[in-house]
Amino acid sequence: MATNCTSILKSLAWCQGTPELPGIKRRIYYIGKDQIVKWPTLNHDNRGRLTAAAYAGNFVLAADANWKYIDILPDKSQLTSEAQGEYPSQTQLNKLTAVHPGVGVEASALAAYVNNNDCVFLVETVRGKYRVVGSEAWQVKSTVAQDLGQGPTGTTSTTLSVEATDECPAPFYYGKIETEDGIIQPETASQQNNGDTAGYEYNGTTYDDINGFIDAVAADTGKTPTEIAMLYQSVADRYVGEPTMIARAFNEEIEQIKQDTPINP
């Protein structure tokens, strides 16, 4: 008897002329897995198939823990992903090469720590989206090489090479990033960079924090915060850099959900 498997296939469009900007920004973040109390989640269907490549929720860190940064040379650094394993158990091997110009005592101490610890890394793309290198399920392999240069025209460098198995290419992360310099909220920062500092508005209330906004929408629609977060992310990815269009399209999606949800007698 044939098994009835619901399809999760989706079309993948690309509008001609849409720029796809390459590269990563000059600051990455890292933390040891032992300092992560709770991971955000990747959504799956009831057969365990991944339905989105973006985390929902936040990394919850141990008390007094925060993400540390590494300043790198973007022109010499790169994030790639390739398939590994055999069907039907293939996974992705995400590879990060991050080149820091210094070779002093701080860079050497970083090498000693990262070489022998299971760490997670956050990498920001040129478009301001954060990608996660490292997963809860598999150990991350990090190695560091140093070059003190050769002769008066040589170049010094500390090169961090990371290999991390995951279910998909370096998942996106929209949650908060607690650093020693304060909290980064990627989506809020993205809106502000486009001239929209009003925050997230819903039903006449403005939320400075995306999590409060998501919770309010979820309570109003009867959906879970995870479902609303994933919906918002899909809309944001459709209209990158256009906060007005994001807000309009998201509100239209919410109104459609309300219309489709039966009213309990």
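What you see is a predicted model, and the numbers here were worked out from it, not measured in a lab. Nothing fancy with the numbering, it's 1 onward along the sequence.
- Looking at Thr165 and Leu93, their side chains come closer than 4.5 Å, going by heavy atoms from C-beta outward.
- The closest side-chain heavy-atom distance from Ser142 to Tyr30 is not below 4.5 Å.
- Counting only heavy atoms from C-beta outward, the side chains of His100 and Leu160 never approach each other to under 4.5 Å.
- The backbone N or O of Gln92 sits nowhere less than 3.5 Å from a side-chain atom of Ser81 that would complete a donor-acceptor pair.
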>> For a side chain to side chain contact (heavy atoms under 4.5 Å, CB included) check, start with the C-alpha distance between Val123 and Val133, then their side-chain angles and the critical distance, and finish with the verdict.
In response: CA-CA 8 Å; Val123 180; Val133 182; 4.1 Å; yes
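- Here the side chains of Tyr174 and Lys129 are in contact, with some heavy-atom distance below 4.5 Å.
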> Would Asp166 and Thr91 count as a side chain to side chain contact (heavy atoms under 4.5 Å, CB included) if you check the C-alpha gap in whole Å, the side-chain angles of each, and the deciding distance to 0.1 Å?
Replying inline: CA-CA 6 Å; Asp166 214 320; Thr91 53; over 6 Å; no
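- Residues Ile184 and Ile31 share a single hydrophobic cluster, defined by chaining ILVMFWY side chains whose heavy atoms lie under 4.5 Å apart.
- Note on ring orientation: taking the six-membered ring where Trp is involved, the planes of Tyr173 and Tyr55 are perpendicular (angle over 60°, cut-offs 30° and 60°).
- Atoms CD and NZ, on Glu136 and Lys33 in that order, are 8.0 Å from each other to the nearest 0.5 Å.
- For the pair Leu231/Ile257, a side-chain contact is recorded, criterion being any heavy-atom separation below 4.5 Å from C-beta on.
- Under the 3.5 Å distance criterion, the side-chain polar atoms of Asp45 are matched with a main-chain donor or acceptor of Arg47.
- Between Ile254 and Ile228 there is a side-chain heavy-atom pair separated by less than 4.5 Å.
- Of all non-hydrogen atoms in Ala229 and Ala56, the two that sit nearest each other are CB-CB, 4.4 Å.
- Distance check: Arg27 CZ to Lys25 NZ gives 12.0 Å after rounding to the nearest 0.5 Å.
- Remark: the backbone N or O of Ala170 is paired with a side-chain donor or acceptor of Asn94 at under 3.5 angstrom.
- Rounding to the nearest 0.5 angstrom, the gap separating the OG1 atom in Thr143 from the CG atom in Asn115 is 6.5 Å.
- Side-chain contact between Asp147 and Thr159 is absent, with no heavy-atom pair separated by less than 4.5 Å.
- The heavy-atom pair separating Tyr87 from Gln90 by the smallest distance is N-CG, 3.7 Å.
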> For Val162 and Val140, what are the C-alpha separation, side-chain angles and deciding distance, and is it a side chain to side chain contact (heavy atoms under 4.5 Å, CB included)?
Replying inline: CA-CA 7 Å; Val162 181; Val140 177; 3.5 Å; yes
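- The two residues Asn58 and Gly175 make their nearest non-hydrogen contact at OD1-CA, 3.0 Å.
- Contact check for Pro101 versus Lys76: no side-chain heavy atoms found under the 4.5 Å cut-off.
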Output a table of donor-acceptor pairs, distance under 3.5 Å, between side-chain atoms of residues 59-70 and any protein atom two or more places apart or on a different chain; print 'none' if there are none.
residue	atom	partner	partner atom	Å
Asn66	OD1	Lys68	NZ	2.9
Lys68	NZ	Glu180	OE1	3.3

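- Note that CG of Asp118 is 8.5 Å distant from OG of Ser135, once rounded to the nearest 0.5 Å.
- Side chain of Asp215 to backbone of Pro225: no donor-acceptor contact under 3.5 angstrom is found.
- How far CZ of Arg49 is from CD of Glu167: 13.0 Å, rounded to the nearest 0.5 Å.
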> Taking it one step at a time, do Leu122 and Val132 satisfy side chain to side chain contact (heavy atoms under 4.5 Å, CB included)?
Replying inline: CA-CA 5 Å; Leu122 297 179; Val132 180; 3.7 Å; yes
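- Among all heavy-atom pairs drawn from Cys119 and Tyr113, the shortest one is SG-CE2, 3.8 Å.
- Taken from CE in Met230 to OG1 in Thr224, the straight-line distance is 10.5 Å, to the nearest 0.5 Å.
- Side-chain N or O atoms of Thr158 include none that pairs as donor or acceptor with a backbone N or O of Gln146 at under 3.5 Å.
- Pro171 and Leu42 make their closest contact through CB-CD2, 4.1 Å (heavy atoms, listed as atom of the first residue, atom of the second, distance).
- Between Phe250 and Phe213, a ring centre-to-centre spacing shorter than 6.0 Å is recorded.
- Nearest heavy atoms, Ser77 versus Ile24: CB-CD1, 3.9 Å.
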